[in-house]
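The figures that follow rest on heavy atoms only: side chains count, while hydrogens, waters and symmetry mates do not.
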Amino acid sequence: SIAGGRTDSVTFLLDGGVNNDLLDNGIVYSPNPDTIAEFRILQNNYTAEYGRNGGGVISVVTKSGTNAIHGSGFEFLRNDAFNANTFFNNANGIPRDVLKRNQYGGAIGGPIIKDKLFFFVSYQGQRLTAKVNPSYYGDTSTTQVFTNAELQNGNFNGDPGVAAFLTANPYFMAPGTTASQAIIDPNKFDPVAKNYIAAGLIPSTSNASGLITPTASRTDNYNELSVKIDYDVTSKDKISGTLGGHKEDLLDPYIFASVNGFPNLNVHDTYFANIAYTRTISNAMLNEFRVTAQRNHFENQLVSGANSKYTAATLGSGITPDQPTGPPNLYFDTGLYVGYSENGPTALANNTFSYADTFSWVKGHHNMKFGAGFTPYENNTLYDYYVNGEMDFTGNGGIGTGNSYADFLLGIVNSLFQYPSAPSNIRSKNTYWFAQDEWHIGKRLVLNYGVRYEYSTPKLDTQGRSFSVVPGQQST
């Protein structure tokens, strides 16, 4: 955010090229600090040369090579082996938190052909592994699960809500027991619940309280490479090219689940390419033509691990997802959540191409600039939200026994959520032109004035799809 403005109202420029995506107007490629030669933040009242967004402009220029070879390297290390345990961990007899993070890289620049062709290359990588529990994602560190007696034998140890249900529905009562004992006949478990249990998707413990403390590894690994080439073709002609790429894999074990077995993988790739040709026409005239291409690619909340092989069909739930990618989620009012992230899997690819030309002319006391540009945007998304479905079991205040675990075994679902896949292929085009003048009226007075015109076409789907409410129509 700049000056309190919206974060999605900022224009990002990298070596003069547009560095925003279409979907949320966020930054696409962010080079590591050792790559950056200078940056500017324009908050307001900027010249007509800059536009696109009213919330500010952040312009970054990367380093170039010179006739001398220069380089640098770095390594940042964090490791639990170097740390003392925390006060609260010691008080509760918990070992040190596991965190192993290596962030490393380097940069080098120099000549390819002396006085003509130069290079600058930088690399940064990270390898991170940390032991986390559900509290890292906003839940509690402990999770209440089924006890072995509940899951295997239907024994709810005199639970009054279950007892009342069995009194009214003796069909589900275990043979040789009374309703007051609150024991459900395992042979009367719901078929879908049996399938979940047989697949090993439902956790249980011998602890009478049902409390467990799950832990799992969270990993965040990435590689980033930036390359810049500068070629002085003649004394009046210069070509400069910037290439950058960032690839990151992030594994989260508890995005939705509060128990082990349902990790989600996020894959994020960004690429940036910018080529600029600068022509010095005379001592007073200069022209710059620039072509920029960038790609922002996400594969979010991919299901991972052995449990992803179970789907609504294999579990017999009767849910028919557009794109089955894992078991329907289970939500219990005790804080037990079983399943993968409800926000995926989601695939997103933003492609942006930009063409711009700027002509500069110094004449007397006037520094004039004229320019125009054209930027087509592409956004291709396949958004799966609750696509596998979610069954909620609300014992307290629900429609069954008053015990969400007993409701699950009996197949009493309080609510069901499911949404279809939401594909979109959005296109938009931006065109602009500007003219500006910096008039040095006197030694103490400079007047900046100019005009800028921009037009962005409405965002349209290539297949005419819309997510708006259309009166008289309904999904099928």
Side-chain angles (χ1 to χ4, degrees), residues 133-134 139-140 142-216 254 256-262 305-318 326-340 390-396 398-414:
N133 60 53
D139 293 322
T140 59
T142 59
T143 301
Q144 185 177 5
V145 300
F146 287 78
T147 65
N148 291 341
E150 292 169 342
L151 190 66
Q152 297 169 12
N153 304 318
N155 187 351
F156 287 87
N157 196 27
D159 183 290
V162 178
F165 178 87
L166 293 177
T167 299
N169 301 274
Y171 169 80
F172 295 100
M173 192 165 51
T177 65
T178 62
S180 61
Q181 292 176 278
I183 302 176
I184 302 170
D185 184 356
N187 294 318
K188 304 295 175 58
F189 285 178
D190 180 79
V192 177
K194 288 182 178 180
N195 290 337
Y196 269 87
I197 296 170
L201 301 177
I202 308 300
S204 66
T205 178
S206 58
N207 187 348
S209 69
L211 291 177
I212 63 171
T213 304
T215 59
Y254 304 116
F256 174 83
S258 58
V259 291
N260 290 344
F262 304 93
N307 289 334
S308 62
K309 66 185 177 183
Y310 299 106
T311 64
T314 61
L315 295 169
S317 68
N329 287 358
L330 304 179
Y331 173 95
F332 298 90
D333 63 358
T334 61
L336 171 60
Y337 314 130
V338 174
Y340 294 96
E390 176 183 301
M391 293 177 282
D392 287 7
F393 298 90
T394 308
N396 187 17
I399 61 174
T401 66
N403 184 305
S404 57
Y405 293 165
D407 286 353
F408 167 74
L409 297 178
L410 294 167
I412 305 174
V413 179
N414 192 74

Within a strict 4.5 Å, meaning less than it, do heavy atoms of the [X] and [Y] side chains meet?
X	Y	answer
N155	T147	no
I412	I399	yes
N195	S317	no
L410	N169	no
Y340	N307	yes
F262	V338	yes
V259	V145	yes
Q144	Y405	yes

So how far is it from Y310 OH to Y196 OH, rounded to the nearest 0.5 Å? 12.0 Å

At their closest point, which heavy atom of [X] faces which heavy atom of [Y], and how far apart are they?
X	Y	value
P170	T167	CD-O, 3.8 Å
Y171	K188	O-NZ, 2.8 Å
P134	S258	CG-O, 3.6 Å

Would you kindly say whether S204 and N148 are connected by a side-chain donor-acceptor distance under 3.5 Å?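 Judged by distance alone, the side chains do pair up.
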
Under a 3.5 Å threshold, yes or no: a donor from one side chain and an acceptor from the other, between N207 and S209? yes

Is it the case that the side chain of T401 and the backbone of F165 share a donor-acceptor pair, with hydrogens and angles ignored and the cut-off at 3.5 Å? no

Answer yes or no: is there a donor N or O on one side and an acceptor on the other, between the side chain of D159 and the main chain of N403, under 3.5 Å?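 Pair absent, no side-chain N/O of D159 close to backbone of N403.
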
Is there a side-chain contact (heavy atoms from CB on, under 4.5 Å) between Y254 and D139? Walk through the geometry before answering. CA-CA 9 Å; Y254 304 116; D139 293 322; 5.8 Å; no

Show your working on side-chain contact (heavy atoms from CB on, under 4.5 Å) between F332 and F146 and close with a plain yes or no. CA-CA 11 Å; F332 298 90; F146 287 78; 4.2 Å; yes

Heavy-atom neighbours of N157 CG exceed 12 at 6.0 Å: no

Quick one, F408 with V413, criterion side-chain contact (heavy atoms from CB on, under 4.5 Å). Give me CA distance, side-chain angles, the key distance, then yes/no. CA-CA 7 Å; F408 167 74; V413 179; over 6 Å; no

